[in-house]
K.L.:
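Sending over a structure as structure tokens; questions will come in a sec.
One-based numbering along the sequence shown. Side chains are part of it too, since the values below use all heavy atoms of this structure and drop only hydrogens, waters and symmetry mates. Computed from a predicted model, the values in this text were never measured in an experiment.
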Amino acid sequence: MNNYKQIVPSLLSADFAKLEEEIRAVEKSGAKRLHLDVMDGHFVPNITFGPIIVKAIRKLTDCHLETHLMISEPEKYLKQFIEAGSDTLLFQIEAGQNISENLGRIRELGAKPGLVINPPTKFEKLEPYLDKIDHLLIMTVNPGFGGQKLITDVIEKIKRARPLADKYNFRLEVDGGVNLSTIEQVDKAGADLFVAGSAVFGDSDPGRNFQQLEQRIKT
Ligand code: DX5
Ligand code: ZN
């Protein structure tokens, strides 16, 4: 049994009118991390929430909060999202102007820094930063919406990242289209964290859904 591997529920697909209940349901089933998707309607064609909601979620849970910034000019908002309670702060490699500086700043501000790479972006773009990150998030859909289909071409990127994650000691996470039918392929490719939004919160039993996914990665 590998306790290092974890399912990370994405609240994007949760019912925000009963957020506390949704969080308790996955906590009861053993969730230790939550994934918060911040979208600005500019970097991606959808808008979600900002630091005020991250702060509210922080009050509801002791789970490790990883905030995934799908926003332009992330450098402007790093401090706000860390002060709101993000334990890990992830920004898109396609959006950052001063990537090394941003990673250093996140660390200085007391959070774990990480990068996110979209399906069309070349893996080589990450190379200068591999020794500066605690976390690499590989998008297996084009970001912006929950409930999309996993793009299987990206699995090669996960395989390529696995030995580098061991060498440089960062967590390797996948995001997008992870469900009971796809989790095995991304698990085999070497991910150790698995974001799941609609597969967890898509029906009335997030606790059970979380457990079923966890079983798949812990056998
Ligand atoms: C998509 C977000 C994901 C989203 C995943 O842009 O970054 O975190 O919540 O949703 P599912 O698991 O439904 O694909
Ligand atoms: Zn995400």
Side-chain angles (χ1 to χ4, degrees), residues 8 10-12 33-55 57-58 64-146 148 151 153-154 156-158 160-165 167-177 191 193 195 197:
V8 187
S10 163
L11 295 179
L12 182 65
R33 302 175 73 97
L34 295 173
H35 184 88
L36 311 183
D37 286 305
V38 175
M39 305 185 190
D40 66 352
H42 185 258
F43 180 77
V44 288
N46 195 9
I47 300 179
T48 55
F49 53 78
I52 291 174
I53 300 292
V54 175
K55 198 171 172 187
I57 294 168
R58 178 73 289 164
H64 186 104
L65 296 182
E66 51 177 61
T67 302
H68 173 193
L69 299 179
M70 283 159 275
I71 63 174
S72 305
E73 301 186 282
E75 49 281 352
K76 288 191 181 167
Y77 304 97
L78 304 176
K79 191 160 184 252
Q80 283 187 56
F81 280 101
I82 292 168
E83 284 178 353
S86 308
D87 299 299
T88 292
L89 191 58
L90 311 170
F91 62 95
Q92 298 273 158
I93 193 163
E94 302 84 1
Q97 285 297 315
N98 303 297
I99 290 168
S100 294
E101 214 173 281
N102 292 348
L103 293 168
R105 183 114 190 287
I106 293 172
R107 203 180 288 287
E108 263 168 45
L109 290 165
K112 290 180 183 295
L115 283 172
V116 190
I117 183 165
N118 280 346
T121 306
K122 290 257 178 297
F123 189 87
E124 288 73 23
K125 255 200 113 178
L126 290 166
E127 279 164 2
Y129 313 109
L130 294 173
D131 61 344
K132 298 180 176 66
I133 55 176
D134 288 347
H135 196 116
L136 174 62
L137 176 59
I138 297 188
M139 291 308 297
T140 35
V141 297
N142 287 306
F145 301 92
Q148 302 183 75
I151 301 169
D153 286 359
V154 184
E156 281 310 307
K157 234 183 225 172
I158 306 166
R160 189 162 169 191
R162 181 66 256 164
L164 296 165
K167 179 173 177 195
Y168 294 104
N169 198 25
F170 56 79
R171 303 297 301 270
L172 182 55
E173 185 169 48
V174 288
D175 184 6
L193 294 169
V195 177

K.L.:
Of all heavy-atom pairs between Lys122 and Ile117, which one has the smallest distance, and what is that distance?
P.N.:
O-CD1, 3.6 Å
K.L.:
Between Leu36 and Ser86, is there a side-chain heavy-atom distance shorter than 4.5 Å?
P.N.:
no
K.L.:
Over all heavy atoms of both residues, which pair between Leu90 and Glu173 is shortest? Give the atoms and the distance, please.
P.N.:
CD1-OE1, 4.2 Å
K.L.:
To the nearest 0.5 Å, how far apart are CD1 in Ile158 and OG1 in Thr140?
P.N.:
6.0 Å
K.L.:
Indicate whether any N or O donor in one side chain lies under 3.5 Å from an N or O acceptor in the other, for Asn142 and Gln148.
P.N.:
no
K.L.:
Does any part of the side chain of Arg58, heavy atoms only, come nearer than 4.5 Å to the side chain of Asp87, both counted from C-beta?
P.N.:
yes
K.L.:
Would you tell me whether His135 and Thr88 have side-chain atoms, one donor and one acceptor, within less than 3.5 Å of each other?
P.N.:
no
K.L.:
Enter the distance from Leu89:CG to Leu103:CG here, rounded to the nearest 0.5 Å.
P.N.:
9.5 Å
K.L.:
Heavy-atom distance under 4.5 Å between the side chains of Thr121 and Gln92, does that happen here?
P.N.:
no
K.L.:
Contact between His35 and Leu137 at the side-chain level, heavy atoms closer than 4.5 Å - yes or no?
P.N.:
yes
K.L.:
Side-chain contact, heavy-atom cut-off 4.5 Å: Leu78 with Leu69?
P.N.:
yes
K.L.:
Do you know which two heavy atoms are closest between Leu136 and Ile133, and how far apart they sit?
P.N.:
CB-CD1, 4.0 Å
K.L.:
Would one find more than 12 heavy atoms of other residues, nucleotides or ligands at under 6.0 Å from atom NZ of Lys55?
P.N.:
no
K.L.:
Tell me whether the count of non-hydrogen atoms from other residues, nucleotides or ligands lying under 6.0 Å of CG in Asn169 goes above 12.
P.N.:
no
K.L.:
Salt bridge or not for Asp134 and Arg107, using N-O below 4.0 Å?
P.N.:
yes
K.L.:
Would you call Arg160 and Glu156 a salt bridge, using N to O less than 4.0 angstrom?
P.N.:
no
K.L.:
Are any of the side-chain heavy atoms of Asn46 and Met70 separated by less than 4.5 Å?
P.N.:
no
K.L.:
Checking Arg171 side chain against Gly114 main chain: does a donor-acceptor pair fall under 3.5 Å?
P.N.:
no
K.L.:
Is the backbone N or O of Glu101 less than 3.5 Å from a side-chain atom of Lys132, with the two atoms forming a donor-acceptor pair by type?
P.N.:
no
K.L.:
Give the C-alpha distance, both sets of side-chain angles, the deciding distance and a yes or no for side chain to side chain contact (heavy atoms under 4.5 Å, CB included) between Lys112 and Glu66.
P.N.:
CA-CA 9 Å; Lys112 290 180 183 295; Glu66 51 177 61; over 6 Å; no
K.L.:
Counting neighbours of CD on Glu124 that are heavy atoms of other residues, nucleotides or ligands and sit closer than 6.0 Å, is the number greater than 12?
P.N.:
yes
K.L.:
Is the closest side-chain heavy-atom distance between Glu94 and Phe43 below 4.5 Å?
P.N.:
yes
K.L.:
Rounded to the nearest 0.5 Å, how far apart are NZ of Lys125 and CG of Leu115?
P.N.:
10.0 Å
K.L.:
With rounding to the nearest 0.5 angstrom, report the CZ to CG distance, Arg33 to Leu193.
P.N.:
5.0 Å
K.L.:
Among Ile99, Val38, Ile71, whose side-chain contact (heavy atoms from CB on, under 4.5 Å) with Phe91 holds?
P.N.:
Ile99
K.L.:
Test Phe170 against Leu164 for side chain to side chain contact (heavy atoms under 4.5 Å, CB included), laying out the working first.
P.N.:
CA-CA 8 Å; Phe170 56 79; Leu164 296 165; 4.3 Å; yes
K.L.:
For Pro74 versus Asn102, what's the shortest heavy-atom pair and its separation?
P.N.:
CG-ND2, 4.5 Å
K.L.:
Within the side chain of Asp175, is there an N or O that forms a donor-acceptor pair under 3.5 Å with the backbone of Met139?
P.N.:
no
K.L.:
Specify whether Phe81 and Tyr77 have parallel, tilted or perpendicular ring planes, treating 30° as the upper limit for parallel and 60° as the lower limit for perpendicular.
P.N.:
perpendicular
K.L.:
How far apart are the closest heavy atoms of Val141 and Gly177, and which atoms are they?
P.N.:
CG1-N, 3.9 Å
K.L.:
Which heavy atom in Gln80 sits nearest to a heavy atom in Pro51, and how many Å separate them?
P.N.:
OE1-CG, 3.3 Å
K.L.:
Do Ser10 and Asp37 come within less than 4.5 Å of each other through their side chains, counting heavy atoms only?
P.N.:
yes
